[in-house]
Each structure stands twice: as structure tokens, then as C-alpha cells.
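This report refers to the structure that appears directly beneath it.
In listed order, ligands and their atoms are each counted from 1.
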Amino acid sequence: MDEHRLHRQWMRHAIGLARLCPISPTAFSVGAVIVGADGVEITHGWSRETDEKVHAEESALNKLDPDDPRLPHATLYSTLEPCSQRASVDRAPCTDRILRSGIRQVVIAWREPGTFVENCVGVEKLRERGIEVVELPDLADEAMSMNRHLKL
Ligand SMILES: [Zn+2]
């Protein structure tokens with residue numbers, strides 16, 4: 001299977017996870033999947049999965065040992081651009097968590113709009129640090145579909 005088709009397949013899985021998020025009037029519903037170099041899922045997460053503030057990428061990474069040797073070869077799929085700053089100041093932005101994890105490739109479906117945080121620079125920050133970021137804009141609509149109540 002070519003790489004793009006594979007990316008789309010995993011993104012569809014992440015979109016399915018985004019549909020599991022408890023609906024919030026003040027935060028996006030996002031799904032995230034971490035896939036190993038062998039093409040097998042390592043773990044996944046979704047927004048508000050474990051507590052009312054947890055982000056999808058954060059929830060997925062929280063399930064792993066930070067030194068998990070699979071991480072530097074893994075790809076992280078997230079329906080939404082990882083945050084570069086967040087309202088909960090006691091928690092690291094997902095961009096920082098991803099950089100710390102050693103993950104080298106991130107695939108997203110849509111960029112964070114200015115609804116809650118002005119000027120998200122998650123993609124730029126990741127690319128600056130040498131992470132390959134792949135965008136799947138043709139899946140953006142589907143990835144946004146569970147967030148329509150938020151007046152994007
Ligand atoms: Zn985040």
C-alpha cells in the first residue's frame with residue numbers, strides 16, 4: 001500500500017476516536033493514534049478521555065513510557081494540529097510533548113483555527129525541529145465534523 005493511502009487509513013481511525021470524545025462547549029474533539037515503524041498501532045487517545053482537560057495526543061503519550069524505544073520510529077496521527085500553547089498552564093503543549101517523545105513524523109488533517117487560541121504554530125514548531133509534518137487536507141472536513149457546534 002502506498003504511504004498516502006496508509007496515512008489516510010490511520011487518519012480515518014483517528015477520526016473515529018474523535019467521535020468518542022465527550023462533547024465540550026469550549027474545546028475541540030480530537031483523536032490521535034501512534035503507529036510503530038512496523039505499521040502496528042502502539043496506542044491511541046482522544047480529547048477528555050481520562051480527565052476533562054486531557055488532549056488526544058497527550059492522552060495517547062501518557063499511556064507510554066517516555067523512553068519507549070518504539071517512539072523515535074513512530075508516526076503520530078492527530079485529527080487536529082497539535083497545540084503550541086494551552087489554557088491549562090500546568091500542562092505542556094502537545095507540540096512540546098511530541099518533541100520530547102522523539103517521534104519524527106506527524107500526520108494531521110486540519111490546522112487549528114483561531115477559535116480558542118490565536119495563531120497556533122504547532123506545525124511550524126514541529127517542522128523547525130526537523131519533524132516531518134504531513135497534512136491531509138482532503139480529510140479536514142471529516143475530521144472537523146464533530147466540532148461544528150464550536151462555530152469555527
Ligand atoms: Zn494539545
Side-chain angles (χ1 to χ4, degrees), residues 7-8 10-36 41-68 70-152:
H7 284 334
R8 292 169 56 84
W10 282 114
M11 186 57 72
R12 285 235 153 78
H13 180 36
I15 291 169
L17 295 169
R19 297 189 205 286
L20 301 176
C21 303
I23 297 290
S24 162
T26 54
F28 294 116
S29 292
V30 178
V33 188
I34 298 174
V35 180
E41 175 174 334
I42 298 173
T43 189
H44 63 231
W46 58 85
S47 312
R48 300 173 292 285
E49 181 184 15
T50 53
D51 70 76
E52 61 183 19
K53 286 182 179 171
V54 77
H55 287 187
E57 309 94 307
E58 182 183 29
S59 186
L61 285 167
N62 283 349
K63 293 171 192 168
L64 298 175
D65 186 319
D67 298 319
D68 191 308
R70 295 172 294 180
L71 280 170
H73 311 283
T75 298
L76 178 121
Y77 294 85
S78 179
T79 55
L80 173 65
E81 175 179 16
C83 62
S84 56
Q85 59 180 79
R86 57 194 291 181
S88 324
V89 286
D90 55 324
R91 299 208 186 184
C94 293
T95 302
D96 294 357
R97 288 291 304 271
I98 292 165
L99 289 171
R100 219 176 297 152
S101 76
I103 286 171
R104 306 294 303 157
Q105 187 182 49
V106 174
V107 181
I108 64 165
W110 59 300
R111 294 263 194 142
E112 170 137 15
T115 314
F116 302 121
V117 178
E118 249 179 271
N119 193 27
C120 176
V121 292
V123 167
E124 288 78 5
K125 253 176 99 175
L126 291 170
R127 283 186 175 146
E128 255 167 40
R129 297 279 295 273
I131 311 299
E132 185 194 353
V133 181
V134 178
E135 297 185 63
L136 303 175
D138 55 317
L139 290 180
D141 253 16
E142 207 177 320
M144 266 191 285
S145 59
M146 68 297 286
N147 291 294
R148 301 251 183 254
H149 62 289
L150 291 169
K151 299 186 182 70
L152 303 175

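Between Arg111 and Glu124, at least one side-chain nitrogen of the basic residue sits less than 4.0 Å from a carboxylate oxygen of the acidic one, meeting the salt-bridge criterion.
Two rings, from His7 and Tyr77, have their centers less than 6.0 Å apart.
When the shell of 6.0 Å around NZ of Lys53 is examined, it contains 12 or fewer heavy atoms from other residues, nucleotides or ligands.
Heavy atoms only, all atoms of each residue included: Val54 and Arg91 are closest at CA-NH1, 3.5 Å. Between Leu64 and Ile42, the shortest heavy-atom contact is CD2-CG2, 3.6 Å. Residue Ile23 comes nearest to Ser29 through the heavy atom pair CD1-OG, 4.4 Å, listed as atom of the first residue, atom of the second, then distance.
Listed by chain and residue number, the protein N/O/S atoms under 2.8 Å of the Zn ion (ligand 1) are His55 ND1, Cys83 SG, Cys94 SG, with waters left out.
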